[in-house]
Amino acid sequence: MKLCIAEKPSVARDIAKVLGATMPKSGYMEGNGYCVTWTFGHLCTLKEPHDYASHYKSWDLIFLPIIPKQFGIKLIDNNGVEKQFNTIAKLVSECDEVINCGDAGQEGELIQRWVLQKAKCDKPMKRLWISSLTEDSIKEGFENLKPAEDYKNLYLAGNARAIGDWLLGINATRLFTKRFGGNKGVLSIGRVQTPTLAMLVQRQKEIDAFSQEEYWELKTKYRDVLFSASIDRLKTLEKAEKGLEYLKKNQFEIVSFEIKEGKEKNPRLFDLTGLQVEANKKYGFSAEQTLNYIQSLYEKKHTTYPRVDTTYLSENLYPKIGGILRSMTIYSELISPLLSQPIPKTKAVFDDTKVTDHHAIIPTEIPPSSNLSREEKLVYDLVARRFIAVFYPECKISNTLVEGQVGTIPFKASGRQILELGWRIIYVKDKKEEKDEKDKDEEQSIPEFVAGEKGDHEPLIHQGKTSPPKPYTEATLLRAMETAGKQVEDEELREMLKNNGIGRPSTRANIIETLFKRKYIEKKRKNLIATQTGIELIDTIEDELLKSPELTGEWESKLRRIEKGEYEANQFKEELIEMVTTLTQKVINGKAKVINFEEEKPAPKEKKPREKTEIIWEETGCPKCKTNNLMKGKTAIGCSDYKGCGFKAPFEIFGKKLSDKQLQDLILKSKTSKLKGFTGDREEGVLILNDDFSIGFK
């Protein structure tokens, strides 16, 4: 028997269906020589300090740093987790081969390996590695199973990351809480969390320290084109007025006129960070919300694996592109021009050297269903349009630069015109973003000028004020985390810096949410603002290692090198142990002060729409036998061991079709709320679960 272990029940169901393992059992599916079981994400975690020694329960400075000789794992303390683990352990002992079907990424590898390690697995292991959950993708994956050994370094990197976060998080949090918390609360320190907060605090200080200044610029209008003086901004009105008088005495002369035709490159396909940035800019979705929406789309088979940090596709995907485009029928108007000729195969899209575990996020050949939420539809639309746009021709533009002079003062004006929309046609219906004055100047229509021509002009003074640095939004913070704090607009350069970014695409959303929960930051409209507690915490940390984005980026680079087999996981651990030991001594011997904690403000009451939560029946215990879980059939919810137990609750009772919520109330609470819509003489009433588990009406 071959045992497949997926990361969640819904994925296990998809795999079991493909393999023909259709017989439901308690905690797994069986059939055709396979057993398919699942975890619920993390079943295991690293042991806590008190698991190594009872005295570590006390947050006393004398016990720091806490450095276990050997890091161990344990089951998460939960009855459901324990029950499912026992099922997995039993199946592991009985099987001939294990197929790791966990999420195809570093975290997924770690989850599965910890469970198998805890289950004392010594059976041969293989790895299912797929980028989408469509039936074809799963079939192809099982035809090309990989040796588990190929992913050993991925596990070592995930394990090293977890140990590194434990060492720094446990020790530094206890250290700073006891030294600076004043028994008022916990001061949370993290390997990625703290440098991210440091970036926000630094920006906050720059904004607070900003002193606005007035300035004046000389401009002039010649043949309805606005020209700006190519000189430094003037600091006083007096100088500006003297300049204006000078301009009035001289004619405007054209020095040069140049038109350059150019191309605007297509946007890149989305990696997770790029998608989170775009969804935040366009719809105001938080990083965590976008991750949840795209994860849901992946599990519903509409998009490929989302937790990626590349914007490229593997070259072997090229033959499948036409089929995916043809399946996207709701975009047929945009896609038909692409299908009328061969789809271009460029290095900007297809490049094996830029793809590691997974390719960029793209749609699958399964179009979205009508039951997606509004937010899921919006996120799918972002992915779909970007996928279409990369195969369109480049946008052709015309850049015009005119240089002139008035006496000895040089002037210039520039204009930009789109000659052929190219890929921009995909976005013509989008609402135009607001543009600043400079952009408006650049977009002005410029007639043809001749060098040497002269004429009268209309000089003027433009008064302006200097602007403070902009606060971070989730979009700009995600980009800053990706490039370890460097402000980078160029996509190619940004791609090169990703290896030294802070955190991983899949964890950055969680880091931002943690900062909110700890009350180190708050949101004002779209802007992220450091609170007084957050500012004081960063000011208290003297060690640059803890708060430097660049140094944290170097750690991230080492973790990636562990993945590639270029760096030893033990060396990474030893470096962090040394750092934690040094930090502990420095803080204990330094000056103590108490940080003021941000007071919790009562949240304003606002009506929020009730969030629909998916009910996973396969994780819900049967109310009758209390040993098996439930399962969803074609006409009813029933016990997975229906023949032995006999419990079932039909979708339609007394002529009324019940919703999942109403079925959940009936099964778990033994009664529904008052319902209408029954047939016969039962107009309205309550459905109840009788003592013998039959369904009654009152």
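Because the structure is a prediction, the values reported are computed rather than measured.
Applying the side chain to side chain contact (heavy atoms under 4.5 Å, CB included) rule to Asn510 yields the partners Thr514; only residues at least two apart in sequence or on another chain are considered. Qualifying side chain to side chain contact (heavy atoms under 4.5 Å, CB included) partners for Gln212, counting only residues two or more places apart in sequence or in other chains: Phe210, Lys465, Thr466. With sequence neighbours left out, Asn171 forms a side chain to side chain contact (heavy atoms under 4.5 Å, CB included) with Leu64, Pro65, Ile66, Leu167, Val580. Every residue two or more places apart in sequence or in another chain that forms a side chain to side chain contact (heavy atoms under 4.5 Å, CB included) with Lys377 is listed here: Leu372.
Ion pairing between Arg161 and Glu556 holds under the 4.0 Å rule for side-chain N and carboxylate O. Salt-bridge annotation for Glu299 and Lys8: present, with a side-chain N of the basic residue lying under 4.0 Å from a carboxylate O of the acidic one. Lys205 and Asp539 are joined by a salt bridge, as a carboxylate oxygen and a charged side-chain nitrogen come within less than 4.0 angstrom of each other.
Across Gln117, Glu563, Gln106, a single residue satisfies side chain to side chain donor-acceptor pair (under 3.5 Å) together with Tyr155, and that is Gln117.
By the 30° and 60° cut-offs, the orientation of the rings of Phe63 relative to Tyr56 is perpendicular.
When all heavy atoms are compared, the tightest approach of Ile502 to Pro549 is CD1-CB, 3.6 Å. Counting all heavy atoms, side chain and backbone alike, His358 lies closest to Gly105 at NE2-N, 4.4 Å. The nearest pair of heavy atoms linking Ile207 to Lys470 is CD1-C, 4.2 Å. Nearest heavy atom pair, residue Glu376 against residue Tyr293, reads CG-O, 4.2 Å. Contact detail for Thr39 and Pro9: the closest heavy-atom pair is O-CD, 4.0 Å.
The local environment of NZ in Lys74 is crowded, with over 12 non-hydrogen atoms from other residues, nucleotides or ligands closer than 6.0 Å.
Under the ring pair (Phe, Tyr, Trp, His ring centres under 6.0 Å) criterion, the residue pairs touching residues 159-205 are Phe71-Trp166, Phe176-Phe180, with sequence neighbours excluded. Residue pairs meeting the ring pair (Phe, Tyr, Trp, His ring centres under 6.0 Å) criterion with at least one partner in residues 555-595, sequence neighbours excluded, do not occur; the list is empty.
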